[in-house]
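Notes follow the structure.
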Number of protein chains: 2
Amino acid sequence: MSSLKDVANLAQVSLATASRALSRPETVATLTRTRVEGAAHQLGYQPNMLARSLRQRETRTIGLIVADLLNPFHALLAKSVQDTAERHGYVAFLLNSDEQEGKESRAIDTLRGHLPQGLIIVPTSGFARRLGSLPRLPVVELDRVSGAPGVTTVTVDNVGGARMATQHLIDLGHRDIGMIVGQLDISTAVERHRGFLETMRRAGLSYRPDWVLSGHHREDDGHRAARKLLSVPGDRPSALFVGNNEMTVGAVLAARDLGLRLPHDLSIVGFDDSRWAQTMFPALTVISQPTEQLGTLACEHLVRQLAYAHSGNAQLALPARVLNKAAPIGPVRVQLPTELIIRHSTSPPALVFG
Amino acid sequence: MSSLKDVANLAQVSLATASRALSRPETVATLTRTRVEGAAHQLGYQPNMLARSLRQRETRTIGLIVADLLNPFHALLAKSVQDTAERHGYVAFLLNSDEQEGKESRAIDTLRGHLPQGLIIVPTSGFARRLGSLPRLPVVELDRVSGAPGVTTVTVDNVGGARMATQHLIDLGHRDIGMIVGQLDISTAVERHRGFLETMRRAGLSYRPDWVLSGHHREDDGHRAARKLLSVPGDRPSALFVGNNEMTVGAVLAARDLGLRLPHDLSIVGFDDSRWAQTMFPALTVISQPTEQLGTLACEHLVRQLAYAHSGNAQLALPARVLNKAAPIGPVRVQLPTELIIRHSTSPPALVFG
DNA sequence: GTGAAAGCGCTAACAC
DNA sequence: GTGTTAGCGCTTTCAC
């Protein structure tokens, strides 16, 4: 690996001039500039970011931690953050916490050592406590909120989405509705649960605590919960609202295992659309989320914060669409709408009671 | 952010001693060690990896580039590489080339600036040409081979897998078999194609060039290709071998759109198992790959190379399972077996000719 | 417009 | 065992 010194030597200029020619070309005579550029190119010179960052005290790097890389929702979040970061001249290093607090902690420490200028995270429930170890680092929470103070959050209207899902089932004539919800120490689960309860209550429907089962967010959990909810033939819900994409798959498979046919014997609404929601049989009615936009916005808000943190007029470097919004300094909370997509996993109940 | 200097001051020792106490505790008196550790803990000290790496000329970092983060196969590859890297004391920074040469180039340059000690990549077809810009960097190609000389490759037996898939269809009685294959500048596509052709020929079946369609690797391509292959009612294959997971979804949906029912009207075998291969209707017969192991092995081979590259007795740091294999210095080519999983998308053809 | 020199935070000789 | 010092590759005053 050739260094800037090699370039300077080859171009017959001093180290300082070589540096300037490459990073701030306008401060150098045209002739020397081309000479230096030529030398750099000839040597395949690539600046050593470690040295540059150490000196400049800024890495142009942001940390990105998702909770479950294998969940396509998180993968898309990650991709859109990375693409947006690149567009703004940052590189986002992606780590995966696997929904484990311990792994999340280690990921944070790892990133910390590499001095990211900001952090975008789909937090686990332990994150609020860990936040203290990140002094003055701009943080954006994505999809979920940990309750940590002073962080920007970019989420979806989970309560509203859950209301739509539940109301859809009620409108179809269902009265015996159960819910499979995620871990109740995760904000999305809590909010979707709240939307469900509210809507049930408002419709005057009875609340059956034993018909609301909580699980972690994986397919297994959905399978287990659904199995439990559906295995009492005479006394089971006629419809299910499932609070996340992976668990929905599990629930559908459990129903299938029990010989229940969707939507005739059981209606299911899932939260989050996905490839398999569309390809399963029957195609799933779901609440869909603007996933890509979620990632993009999270990143743009972070970038904006970084620009303001660093210099008074750094805004000039930002694209208009980021700037056109009023430019707040502090943390903001962005909430995007969801949408009900009606497919074939929901229909009126086979037997209407009452 | 407090630095080592702050720790040294607080512990009342010199900078050097503080450094030693933290990185090589055995070289320091027990008392001073505990004092330094206490100070470090109290300050929430986190070593600055930029400075350490700059000085030590090693970053304990590896670059990881996958071609399509949204493809669950690649996501699992990425996760298993990252987990394995962590287990060996490295951090793998994950970037996504999106199957685009340009993005791959930029990803490589980005990584280069951060001085990774090795690179694990699912290469696009342009990678072999780019390799020159990576002087002396150990590289492991994962899943695909670009043809670049001197790199370790960890792949699956694609020819064998394609043979099994094709033979399975032939054994069921199919004679009119088509294939949807990926880009023919990607090794996996070429090899799967080869396995298909060989097996057809060996069975004495005629080769219909117009029944072999190539596409990029996404769902759309599979959809388009299948639509084309299946739209001539009297003259269409009775079975299809589809060369990758995403395209298989597209093919199945296209068949559905055309009113063909699987497996009665059409048999389909896919390559690579996935969540939706299992949940689709009907569940898909596929060639499955040891995806996680692929990622793990790629990383372990890279780590081994790094150990040998750096010091004669670095092996001591490696776990037994890596060492038990004979320890080659040069690049190796690892090839893992695939497996045929028979589900419900294949059956004997409705009409048997001949 | 250009060069000399200091210093980012850390580790590794080398003294003591 | 511990301290002093040089230097990793770069940017940035400060002179000229």
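Here the structure is a predicted model, which means the values were calculated and not measured. Per chain, numbering begins at 1; letters A, B, ... match sequence-line order.
- Atom-to-atom, CZ of B:Arg55 to C1' of C:dC10 comes out at 8 Å; the value is rounded to the nearest Å.
- Considering only side-chain N and O atoms, B:Thr17 lies nowhere under 4.0 angstrom from the phosphate OP1 or OP2 of D:dT2.
- The distance from atom CD of A:Glu58 to atom P of D:dT11 is 12 Å, rounded to the nearest whole Å.
- Taking 4.0 angstrom as the limit, B:Tyr45 places none of its side-chain polar atoms (N or O) nearer than this to OP1 or OP2 of C:dG9.
- The phosphate of C:dT2 has OP1 or OP2 within less than 4.0 Å of a side-chain N or O from A:Thr32.
- Taking only side-chain nitrogens and oxygens, B:Arg24 comes nearer than 4.0 Å to OP1 or OP2 of C:dA12.
- When distances are taken from the side chain of B:Asn48 to each of C:dA4, D:dG3, C:dC10, the shortest belongs to C:dC10.
- Distance CZ (A:Arg112) to P (C:dG9): 15 Å, rounded to an integer number of Å.
- Separating the NZ atom of B:Lys5 from the P atom of D:dG3 is a distance of 15 Å, rounded to the nearest angstrom.
- Residues B:Thr152 and B:Gln305 bring a donor and an acceptor atom of their side chains to less than 3.5 Å of each other.
- Taking side-chain N and O atoms only, A:Gln56 has a distance below 4.0 Å to OP1 or OP2 of D:dT12.
- Tested against B:Glu101 for a side-chain hydrogen bond (donor to acceptor under 3.5 Å, both in side chains), the candidates B:Arg106, B:Arg130, B:Arg129 yield a single pass: B:Arg129.
- Of the candidate nucleotides C:dC10, C:dA4, D:dC10, C:dA4 has the atom nearest to the side chain of A:Ala16.
- A donor N or O paired with an acceptor N or O is not found under 3.5 Å between the base of D:dG7 and the side-chain atoms of B:Arg57.
- Within the structure, every pair that satisfies the salt bridge (charged side-chain N to carboxylate O under 4.0 Å, His left out) test and touches residues 36-52 of chain B, not counting sequence neighbours, is listed here: B:Arg33-B:Glu37.
- Shown here for A:Ser19 and A:Ser23, the closest heavy-atom pair between the two residues is O-OG, 2.7 Å.
- Interatomic distance, A:Lys103 NZ to A:Ser105 OG, rounded to the nearest 0.5 Å: 12.5 Å.
- Rounded to a whole Å, the CG atom of A:Leu15 is 17 Å from the P atom of C:dG7.
- Listed candidates were D:dC8, D:dG3, C:dG3. Nearest to the side chain of B:Leu54 is D:dC8.
- Close to C:dT11, at under 4.0 Å from its OP1 or OP2, lies a side-chain N or O of B:Ser19.
- With D:dG3, D:dC14, D:dC10 as the candidates, the nucleotide lying closest to the side chain of A:Arg20 is D:dC14.
- A salt bridge is defined here as a Lys NZ or Arg NE, NH1 or NH2 lying under 4.0 Å from an Asp or Glu carboxylate O, and A:Arg87 with A:Asp83 fails to meet this definition.
- For B:Ala51, the side-chain atoms get nearest to C:dC10 when compared with the rest of C:dC10, C:dC8, D:dC8.
- Looking at heavy-atom distances under 4.0 Å, A:Ser23 makes contact with sugar-phosphate atoms alone, never a base.
- A:Gln46 has its CD atom 14 Å from the C1' atom of D:dG9, to the nearest Å.
- One interatomic measurement links the two molecules: NE2 of B:His114 to P of D:dC10, which rounds to 13 Å at whole-angstrom precision.
- Here B:Ser3 does not reach the OP1 or OP2 of C:dC8: none of its side-chain N or O atoms lies under 4.0 Å away.
- In this entry the distance linking CG of B:Leu43 with P of C:dG9 reads 14 Å, nearest Å.
- Here B:Ala29 lies in heavy-atom contact (under 4.0 Å) with sugar-phosphate atoms only.
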